[in-house]
Amino acid sequence: MPWVLLLDTPTFDPTRSVAGLPLALRLSLDAQAGGAAGIVVSSADRARQVLNDPRLKLPLLEQAPATARRVRIPANFVVY
């Protein structure tokens, strides 16, 4: 079953760069490498502006498909 990453809008700026990448983009690229089927982020979310990157091939979705598993994480979270 496919899964999608749900980026929650934090109070912290998800466009802030850490080690050369904005946090929201870093999470999205990690999800892509991990086999995600898409990234769920509101059209009004500040994170969306940094997700327009040629390295990110996943679709940006307004809502998760009904059959997809969901992984919800704050857009300012760093996975290492």
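Scope of the values below: all heavy atoms of this structure, side chains included, with no hydrogens, waters or symmetry mates.
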Counting only pairs under 3.5 Å, give me each side-chain donor-acceptor contact of residues 33-41, with atom names and distances, residues two or more places apart or in other chains.
none

Checklist entry - Is Arg70 reaching over with its side chain to a backbone N or O of Pro65, donor-acceptor style, under 3.5 angstrom? => result yes
Next on the checklist: I need the Gln63 CD to Ser42 OG distance, nearest 0.5 Å.
Outcome noted: 11.5 Å
Next on the checklist: Looking at Arg72, I want to see if its CZ is surrounded by more than 12 non-hydrogen atoms of other residues, nucleotides or ligands under 6.0 Å.
Outcome noted: no
Next on the checklist: Can you give me the closest heavy-atom contact between Gly20 and Arg26, atom names plus distance?
Outcome noted: N-NH2, 4.3 Å
Checklist entry - Around Glu62, counting heavy atoms of other residues, nucleotides and ligands shown, do more than 12 lie under 6.0 Å from its CD? => result yes
Donor-acceptor pairs are to be reported for all side-chain atoms of residues 51-58 against protein atoms at under 3.5 Å, with residues two or more places apart or in another chain.
unit_1	atom_1	unit_2	atom_2	d
Asp53	OD1	Arg55	N	2.9
Asp53	OD1	Arg55	NE	2.9
Asp53	OD2	Arg55	NH2	2.8
Lys57	NZ	Pro54	O	2.7

Checklist entry - Looking at side-chain heavy atoms only, is the closest gap between Leu5 and Ile73 below 4.5 Å? => result yes
Item to check | Nearest atoms (heavy-atom pairs only) where Pro14 meets Arg46 | outcome: CD-NH2, 3.5 Å
Item to check | Reported CG-to-CG distance for the pair Asp8 and Leu6, which is rounded to 0.5 angstrom | outcome: 7.0 Å
Checklist entry - Do you reckon Leu29 sits in the same ILVMFWY cluster as Leu61, going by side-chain contacts under 4.5 Å, direct or chained? => result no
Checklist entry - Between atom OG of Ser17 and atom CG of Leu25, what is the distance when rounded to the nearest 0.5 Å? => result 9.0 Å
Next on the checklist: Show, in sequence, the C-alpha distance, side-chain angles and deciding distance for Val4 and Arg69, and conclude whether the side chain to side chain contact (heavy atoms under 4.5 Å, CB included) test is met.
Outcome noted: CA-CA 6 Å; Val4 294; Arg69 292 182 182 197; over 6 Å; no
